[in-house]
Amino acid sequence: MDIALTNSLTRRKEAFAPIDPESIRLYLCGPTVYDRAHLGNARPVLVFDVLVRLLRHVFGADHVTYVRNFTDVDDKINATALQRQQAGAPGTLEALVRERSDETIAWYRADMAALGALTPDHEPRATEYIAQMVTMIETLVADGFAYAKEGHVLFRVREFSRYGALSGRSVDDMIAGARVEVAPFKEDPMDFVLWKPSDDALPGWESPWGRGRPGWHIECSAMAKALLGPEFDIHGGGNDLMFPHHENEIAQSCCANGTQAMARVWLHNEMLQVEGKKMSKSLGNFFTVRDLLDQGIPGEVIRFVMLSTHYRKPMDWTAEKARDAQATLTRWKALTSAIPGDAASTVAGEPVPQPILAALANDLNTHLAFAEMQKLAKPARHDERAKVQLARAMAFMGFDWQTPWEPAQGQTPDGSAGSADLARFETALAEARDLAMRTKDFSCVDRLKTALVAAGVEVRMSKEGVELVPGPDFDAQALEALR
């Protein structure tokens with residue numbers, strides 16, 4: 001199967017051609033572990049989760065290596081640990097930093113698992129790769145790409161002619177339009193830190209430039225090289241990392257490793273909004289994954305909502321989308337959990353439906369994949385093979401098809417909300433719409449739609465067809481009047 005992905009570096013959708021089909025390698029920038037993961041942090045994890053599932057299916061599970069790091073060397077972590085120390089927590093600052101990092105990593109793993117995300121093959125911590133970082137920095141200094149001054153080591157941005165290719169900006173434009181740190185130890189305002197000094201109160205490691213700690217960008221370059229090699233297939237994250245983090249990674253990695261590229265494909269997801277607004281603590285719409293889970297919103301619902309929007313489009317989290325997702329998953333689970341006999345074996349032996357694979361192979365079009373699953377759900381009400389196909393699709397997309405959920409108010413025990421009746425009305429409405437398209441008289445369609453809405457039914461009409469979904473005010477008795 002051919003896979004196409006949008007490469008941020010070339011700004012176009014390209015056929016994915018692995019460096020070595022026997023060893024496909026991916027790196028996703030993971031969290032800085034100083035606090036709970038907010039909802040936006042989960043989006044790149046879920047995008048890469050789908051990508052890894054697809055690559056393993058196409059190339060074989062043993063031929064894909066997935067790395068997602070933990071940044072546990074950071075001034076925010078130090079500040080959090082210092083606050084604990086000042087509040088009376090026992091132990092050295094380094095011990096408190098480690099304690100905070102361990103705690104936050106455990107939270108993160110639990111939250112991502114609740115969303116159905118696969119565990120990466122490697123989850124390196126920056127503190128475990130300090131030696132590799134020092135070696136890489138030494139190479140950059142020796143080759144003239146970096147310089148040491150006042151205990152700092154900085155990368156000479158203008159020595160890398162392709163700097164800015166990923167973000168599409170020139171160095172001079174970046175200086176004019178961005179906030180850059182002006183410091184006496186910098187040769188150029190755009191030069192960025194590879195190593196910085198630590199005083200006795202801060203975590204630090206010995207190096208040729210004195211006791212200190214690495215800059216953020218060198219961490220990912222060193223970990224990626226150690227685990228995936230000097231050049232690998234796919235690197236990604238949120239588009240907020242494109243500059244400066246990923247731009248800096250490319251520069252220092254290519255210069256230190258003597259390669260033309262760090263990764264062949266750069267994959268970036270768009271940002272997340274809440275109810276149409278940027279997520280912000282000042283707006284009171286900032287929340288973590290754990291906040292939603294603690295509110296009783298299942299992780300699978302969060303996963304469904306976030307994957308319902310294509311990764312290259314801004315994703316808007318709304319309460320309405322969460323309710324719709326829960327209703328959809330409840331119906332699907334009611335159908336698939338009713339598969340008779342040895343259901344697990346039957347579903348495992350079923351191939352992933354081709355329309356699902358085709359949607360994902362086309363730049364991870366998860367929205368289209370869900371639309372194809374909705375198509376399977378319709379005949380699954382009375383077709384056992386369709387039930388099995390839906391279950392296989394759900395499993396492939398990271399959902400538990402075996403465990404049914406309690407139906408919402410207005411739904412029947414099988415989750416269908418009177419599926420037989422709704423199926424009949426779907427057919428009637430679809431036929432009425434087809435006739436209206438020919439005659440240009442939509443009065444019958446409008447009357448039927450109005451009556452269904454009055455009965456608490458959500459009417460979804462698209463070029464794919466008609467779907468009727470019971471809403472929270474669904475009134476099955478009101479449907480009797482329409483017979």
Side-chain angles (χ1 to χ4, degrees), residues 275-276 297-298 300-301 304-305 307-309 316-338 355 367-384 386-387 389-390 393-394 399 404-483:
E275 302 289 350
I297 298 176
E300 288 178 286
V301 168
F304 190 100
V305 173
L307 293 178
S308 294
T309 299
D316 189 19
W317 173 274
T318 68
E320 181 181 4
K321 287 181 179 179
R323 288 193 297 269
D324 287 349
Q326 185 147 1
T328 296
L329 287 172
T330 299
R331 292 196 305 277
W332 289 1
K333 286 169 176 282
L335 293 166
T336 57
S337 62
H367 175 78
L368 178 57
F370 285 160
E372 295 294 343
M373 290 165 74
Q374 289 281 27
K375 291 180 182 178
L376 287 174
K378 291 181 180 180
R381 294 167 180 167
H382 47 75
D383 184 331
E384 293 301 321
K387 281 187 176 70
Q389 290 179 313
L390 177 60
M394 288 176 67
F399 297 98
W405 284 347
E406 287 296 319
Q409 183 178 6
Q411 289 183 320
T412 58
D414 68 354
S416 63
S419 58
D421 285 338
L422 288 183
R424 183 173 69 82
F425 285 115
E426 280 180 356
T427 300
L429 186 57
E431 291 175 350
R433 186 177 70 163
D434 290 343
L435 178 61
M437 295 292 289
R438 296 193 298 271
T439 64
K440 307 304 179 185
D441 179 4
F442 287 85
S443 58
C444 183
V445 173
D446 292 339
R447 283 196 302 271
L448 184 52
K449 182 178 177 181
T450 298
L452 288 166
V453 171
V457 178
E458 181 182 343
V459 180
R460 299 175 181 176
M461 303 175 71
S462 66
K463 62 182 180 181
E464 284 81 20
V466 174
E467 182 182 12
L468 302 182
V469 179
D473 300 324
F474 175 69
D475 183 357
Q477 291 184 343
L479 286 180
E480 294 296 321
L482 299 180
R483 287 183 180 277

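Keep in mind the model is a prediction, meaning the values are calculated, not measured.
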Find the distance between [atom1] ([X]) and [atom2] ([Y]) and round it off to the nearest 0.5 Å.
X	Y	atom1	atom2	result
K449	L452	NZ	CG	10.0 Å
L307	E300	CG	CD	11.5 Å
T328	F399	OG1	CZ	10.0 Å
M394	L376	CE	CG	11.5 Å
L390	Q374	CG	CD	9.0 Å

Which pair of heavy atoms, one from [X] and one from [Y], lies closest together, and at what distance?
X	Y	answer
R381	L335	CA-CD2, 3.8 Å
A380	K387	O-NZ, 2.8 Å
A436	V445	CB-CG2, 3.9 Å
L429	M461	CD2-SD, 4.3 Å
K333	P404	CB-CA, 4.0 Å

For this session: Salt-bridge test for E372 and K375: reply yes if a basic N is under 4.0 Å from a carboxylate O, no otherwise.
Result: yes

For this session: For the pair W405 and V301, evaluate side-chain contact (heavy atoms from CB on, under 4.5 Å) and give the outcome as yes or no after the intermediate values.
Result: CA-CA 12 Å; W405 284 347; V301 168; 3.8 Å; yes

For this session: Kindly indicate, with the supporting measurements, whether the criterion salt bridge (Lys or Arg N to Asp or Glu O under 4.0 Å) is fulfilled by E320 and R323.
Result: CA-CA 5 Å; E320 181 181 4; R323 288 193 297 269; 5.4 Å; no

For this session: Could you check whether the rings of F304 and F370 sit parallel, tilted or perpendicular, using 30° and 60° as the cut-offs?
Result: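 F304 vs F370 ring planes: parallel.
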
Problem set entry | Any residue meeting side-chain contact (heavy atoms from CB on, under 4.5 Å) with K321, in chain and number order, not counting sequence neighbours | V305, T309, D316, T318

Exercise. Mind checking what makes side-chain contact (heavy atoms from CB on, under 4.5 Å) contact with E431, not counting sequence neighbours?
Worked result: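 Per chain and number, E431 pairs via side-chain contact (heavy atoms from CB on, under 4.5 Å) with T427.
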
For this session: For the pair R460 and D324, evaluate side-chain contact (heavy atoms from CB on, under 4.5 Å) and give the outcome as yes or no after the intermediate values.
Result: CA-CA 12 Å; R460 299 175 181 176; D324 287 349; 3.4 Å; yes

Got a list of side-chain donor-acceptor pairs under 3.5 Å for residues 437-444, not counting sequence neighbours?
from	atom 1	to	atom 2	distance (Å)
T439	OG1	L435	O	3.1
T439	OG1	D441	N	3.3
K440	NZ	M437	O	3.2
D441	OD1	S443	N	3.1
D441	OD1	S443	OG	2.8

Exercise. Under the 3.5 angstrom rule, does the side chain of E275 hit a backbone N or O of A319 as a donor-acceptor pair?
Worked result: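 It does hold such a pair.
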
